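As the structure is a computational prediction, the values presented were derived from the model and not from experiment.
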Amino acid sequence: MRQPEVLTDLDAASTRTSVMKKLPEVTLVFWIMKIAATTLGETAGDLFAQTLRLGYFLTTIALFLIFVVTLVVQLRSSHYNPFFYWTVILSTSMAGTTTSDFMNRDASSKYLSGSATSLGWGPQGLGLGYPVGAAILISILLVIFALWKLSGMTFQIRDIVTFRGEALFWSAILVSNTLGTSMGDFLSDSSGLGYAGGALLVTAALAVLVALMKAPAVPNVLLFWIGFVLTRPLGATAGDLLTKPVGKGGMNLGTAGSSAVLLAVLLGLMAHAQVRERRAAAEYVTEREPVTRRAG
């Protein structure tokens with residue numbers, strides 16, 4: 001006679017886990033949305049900093065503040081909300097774009113759009129260069145992962161439900177997106193591969209990661225984080241391919257038009273994800289009703 005109660009307790013624990021879930025499941029749709037968000041982050045970051053001539057300094061400050069606001073909303077949410085989550089991903093991508101540019105570039109005419117001769121107010125770049133900038137960002141990311149490891153908390157994003165776990169997760173996301181931007185810009189501007197060549201190289205690297213998923217010796221958590229970093233340079237090179245002049249190897253679609261189209265795509269995917277979450281929650285409640293009645 002006690003068996004239904006045992007089942008009810010287990011179901012209740014599962015329900016609490018479902019309600020507490022703060023981050024999405026990693027599926028094919030997840031990666032499609034990640035690439036769309038990071039590509040939009042590249043085009044939107046360039047839109048504000050270069051096309052609108054606000055400059056890397058002011059734009060980085062403004063976008064970092066937006067990141068903080070979106071992160072607070074995400075952290076205060078009691079469960080996974082696709083709009084909250086992907087808005088933070090987008091804000092880290094935009095902030096990562098201009099932060100990387102500010103670290104690595106010097107706002108020389110090479111990086112200015114149209115007839116612009118200068119950018120915004122304040123210092124417009126530290127001029128560290130891509131190798132030095134990447135080394136700094138990799139070091140910061142490794143420190144974050146070391147602190148994460150020492151904390152004893154899981155690296156599996158589906159199991160992250162605590163404030164401290166999310167804080168570490170989003171710190172890693174911000175730095176990884178900034179690092180990915182540096183990698184993408186290096187491939188596009190300095191490697192000689194060009195925008196299309198850089199995008200193809202990163203795509204090939206991601207294909208290797210997919211193949212390694214079947215190798216039991218390679219942890220999927222490691223593959224996830226490598227893939228998360230690599231999808232950012234894919235977005236960076238794809239964004240440059242869409243917006244840069246034809247003479248530089250781009251399609252010259254412009255930052256404003258490209259950003260508008262990418263934003264529409266991302267919003268559509270976010271709405272689709274929101275509908276799926278609500279449908280899954282409703283189905284779960286419906287499936288639990290017989291168990292609840294039996295327990296009562």
_Residue pair W31, V26: steps toward the side chain to side chain contact (heavy atoms under 4.5 Å, CB included) verdict_ = CA-CA 7 Å; W31 291 113; V26 180; 3.5 Å; yes
_I need the Y80 OH to E25 CD distance, nearest 0.5 Å._
9.5 Å
_Once rounded to the nearest 0.5 Å, what's the spacing between atom CZ of F155 and atom CG of N220?_
14.5 Å
*Specify the closest pair of heavy atoms between R105 and Y56, including all atoms of both residues, with the distance to one decimal.*
NH1-OH, 3.4 Å
*How close do M183 and L230 get, heavy atom to heavy atom, and via which atoms?*
CE-CD2, 3.8 Å
*asked:* Does K34 qualify as a cation-pi partner of F228, given the criterion of NZ or CZ under 6.0 Å from the six-membered ring centre and within 45 degrees of its axis?
replied: yes
*Result of checking L40, L253, L242 against S259 for side-chain contact (heavy atoms from CB on, under 4.5 Å)*: L40
*Exercise: do N104 and S100 side chains pair donor with acceptor under 3.5 Å*: yes
*Looking only at heavy atoms, which two atoms of A37 and L90 are closest? And how far apart?*
O-CD1, 3.6 Å
*What class does the angle between the rings of F64 and F67 fall in, given that below 30° is parallel, 30 to 60° is tilted and above 60° is perpendicular?*
tilted
*asked:* Test ring-ring contact (aromatic ring centres under 6.0 Å, His included) on F145 and W225; report intermediate values, then the result.
replied: CA-CA 10 Å; F145 283 133; W225 282 106; 5.2 Å; yes
_Reference residue N177; test side chain to side chain donor-acceptor pair (under 3.5 Å); the match among T92, T38, T231, T99_ = T92
*Determine, stepwise, if the pair E42 / D240 fulfils side chain to side chain contact (heavy atoms under 4.5 Å, CB included).*
CA-CA 8 Å; E42 178 73 17; D240 286 340; 3.2 Å; yes
_Could you see if M213 belongs to whatever hydrophobic cluster contains V221? Use Ile, Leu, Val, Met, Phe, Trp, Tyr and a side-chain cutoff under 4.5 Å._
yes
*Side chains of D46 and T255: donor-acceptor distance under 3.5 Å anywhere?*
no
*asked:* Would you say L147 ends up clustered with F163 if hydrophobic residues are merged whenever their side chains have heavy atoms under 4.5 Å apart, either directly or through other cluster members?
replied: no
*May I have the step-by-step check of side chain to side chain contact (heavy atoms under 4.5 Å, CB included) for I136 and I140, ending in yes or no?*
CA-CA 6 Å; I136 292 173; I140 296 173; 4.0 Å; yes
*If you link ILVMFWY side chains whenever their heavy atoms are less than 4.5 Å apart, which other residues fall into the same cluster as V73? By chain and number, please.*
F84
_Rounded to the nearest 0.5 Å, what separates atom CZ in F30 from atom CD1 in I35?_
10.5 Å
*Distance-minimising heavy-atom pair for A217 and P219*: O-CD, 3.6 Å
*To the nearest 0.5 angstrom, please state how far the OG1 atom of T39 sits from the CG atom of L241.*
10.0 Å
*Return yes if a side-chain donor-acceptor contact under 3.5 Å exists between T97 and R232, otherwise no.*
yes
*Rounded to the nearest 0.5 Å, how far does CE of M33 lie from OG1 of T27?*
9.0 Å
*Transitive ILVMFWY side-chain link L223 to L142, under 4.5 Å*: yes
*asked:* Are there over 12 heavy-atom neighbours, none belonging to M153, within less than 6.0 Å of that residue's CE?
replied: yes
*So which heavy atom on G45 is nearest to which on T59, and how close?*
O-CG2, 4.4 Å
*Counting only N and O atoms by type, is there a donor-acceptor contact under 3.5 Å from the side chain of W148 to the main-chain atoms of A172?*
no
_Check for me, please, whether M270 and V69 land in the same ILVMFWY cluster - side-chain distances under 4.5 Å, paths through other members count._
no
_I need the S176 OG to I226 CD1 distance, nearest 0.5 Å._
12.0 Å
*Relative to each other, are the rings of Y85 and W170 parallel, tilted or perpendicular (30° and 60° limits)?*
tilted
*side-chain contact (heavy atoms from CB on, under 4.5 Å) with T98: which of T60, T178, I61, T181?*
T60
*side-chain hydrogen bond (donor to acceptor under 3.5 Å, both in side chains) against S91, all qualifying residues, sequence neighbours excluded*: T70
_Looking at every non-hydrogen atom in both residues, tell me the closest pair between G254 and T243 and how far apart they are._
O-CG2, 3.5 Å
*asked:* With side chain to side chain contact (heavy atoms under 4.5 Å, CB included) as the criterion, how do N81 and E277 come out once you've worked through the C-alpha distance, each side chain's angles and the decisive distance to 0.1 Å?
replied: CA-CA 8 Å; N81 183 303; E277 283 295 313; over 6 Å; no
*Find out if a path of hydrophobic residues (ILVMFWY) with successive side-chain heavy-atom gaps under 4.5 Å connects L222 to L23.*
yes
